[in-house]
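Presented below is the structure to which this report refers.
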Amino acid sequence: MLKNSINQTGNWKLLLLILLTGITIYARFHDTFLQFGEKKMVEVWGDGLKTYTNTIYHVRYDSTYSYFNGMNYPFGEHIMAATELPGLAILVKFIDAQISQLSDAQIIYSVHLTLMLSMLLFSLFIYLIFNQLGIPWWFSIPMAIAITFMGPQTMRMKGHFGLGVLFVLPMIFYLLLQFEQKKKWKWSVW
């Protein structure tokens with residue numbers, strides 16, 4: 001999917017973007033999100049706590065991958081972004097059941113890691129959009145990083161984690177740009 005864009009932009013520019021974004025993420029969130037192996041919660045009340053507890057409950061007690069029985073008793077509900085990060089909860093449950101049992105601290109850290117990875121992907125897709133629109137790389141890289149940290153969803157990362165996954169909208173916009181230019185079904189499927 002990104003192969004054509006990578007060839008057009010040059011590998012070193014993407015590596016520079018990833019390096020600078022990673023440094024900026026570390027500088028901003030090293031004290032809260034990037035605590036390896038510790039059972040440190042960023043949000044210990046409200047929706048942040050709900051994301052932690054729902055993910056842990058889903059991994060430990062639910063019998064299916066996509067259905068959550070911890071709320072809406074006695075019926076349960078499908079996993080939603082408002083209650084936990086759906087893709088992460090399913091992946092973590094699979095890893096816990098099939099590969100290796102995870103500790104609560106590892107599950108909590110997986111939530112943090114997902115949010116940091118989403119920031120990295122956000123800046124990557126913003127850069128690819130800028131590249132597609134013909135904006136020079138020397139302007140696109142700092143602006144992609146700035147937009148990543150100025151986005152309103154970034155503020156959700158300290159409270160409502162389900163709304164803190166940043167990369168989805170720029171990814172969809174980038175894929176729409178690709179589809180409009182190439183009119184191939186693979187872009188529509190993506």
Closest non-hydrogen atom pair between [X] and [Y], with its separation:
| X | Y | answer |
| --- | --- | --- |
| T53 | K50 | OG1-O, 3.3 Å |
| M119 | L166 | CG-CD1, 3.3 Å |
| R60 | D104 | NH2-OD1, 2.9 Å |
| I141 | Y127 | CG1-CE1, 3.7 Å |
| I25 | L120 | CD1-N, 4.0 Å |
| S123 | L17 | O-CD2, 3.7 Å |

Ring centers of F125, F173 separated by less than 6.0 Å
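Ring centroids of F125 and F173 are no less than 6.0 Å from each other.
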Assigning hydrophobic clusters by single linkage (Ile, Leu, Val, Met, Phe, Trp, Tyr; side-chain heavy-atom cutoff under 4.5 Å), is [X] placed with [Y]?
| X | Y | value |
| --- | --- | --- |
| I99 | I56 | yes |
| M116 | L91 | yes |
| M150 | F130 | no |
| L169 | L128 | no |
| F179 | L133 | yes |

Would you say [X]'s side chain and [Y]'s backbone share a donor-acceptor pair under 3.5 angstrom?
| X | Y | answer |
| --- | --- | --- |
| K182 | L177 | no |
| Q98 | I95 | no |
| S140 | I135 | yes |

Contact between [X] and [Y] at the side-chain level, heavy atoms closer than 4.5 Å - yes or no?
| X | Y | value |
| --- | --- | --- |
| V111 | L85 | yes |
| M171 | L175 | yes |
| L124 | L14 | yes |
| K13 | N131 | no |
| F122 | V168 | no |
| W137 | L16 | yes |

Where do M143 and T148 land on the side chain to side chain contact (heavy atoms under 4.5 Å, CB included) test, with the steps shown first?
CA-CA 8 Å; M143 289 302 106; T148 300; over 6 Å; no
Should the pair Y61 and Y57 be assigned to parallel (<30°), tilted (30 to 60°) or perpendicular (>60°) ring geometry?
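Tilted.
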Parallel, tilted or perpendicular: which one describes the rings of F94 and Y65, with boundaries at 30° and 60°?
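Aromatic pair F94/Y65 classed tilted.
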Give, for atom CD of Q106 and atom OG of S100, the distance between the pair rounded to the nearest 0.5 Å.
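It comes to 7.0 Å.
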Can you tell me how far apart CD1 (I129) and CD1 (I126) are? Round to the nearest 0.5 Å.
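Result: 4.5 Å between the selected atoms.
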Could you walk me through whether F68 and N54 pass the side chain to side chain contact (heavy atoms under 4.5 Å, CB included) test, one step at a time?
CA-CA 8 Å; F68 181 67; N54 286 1; 3.5 Å; yes
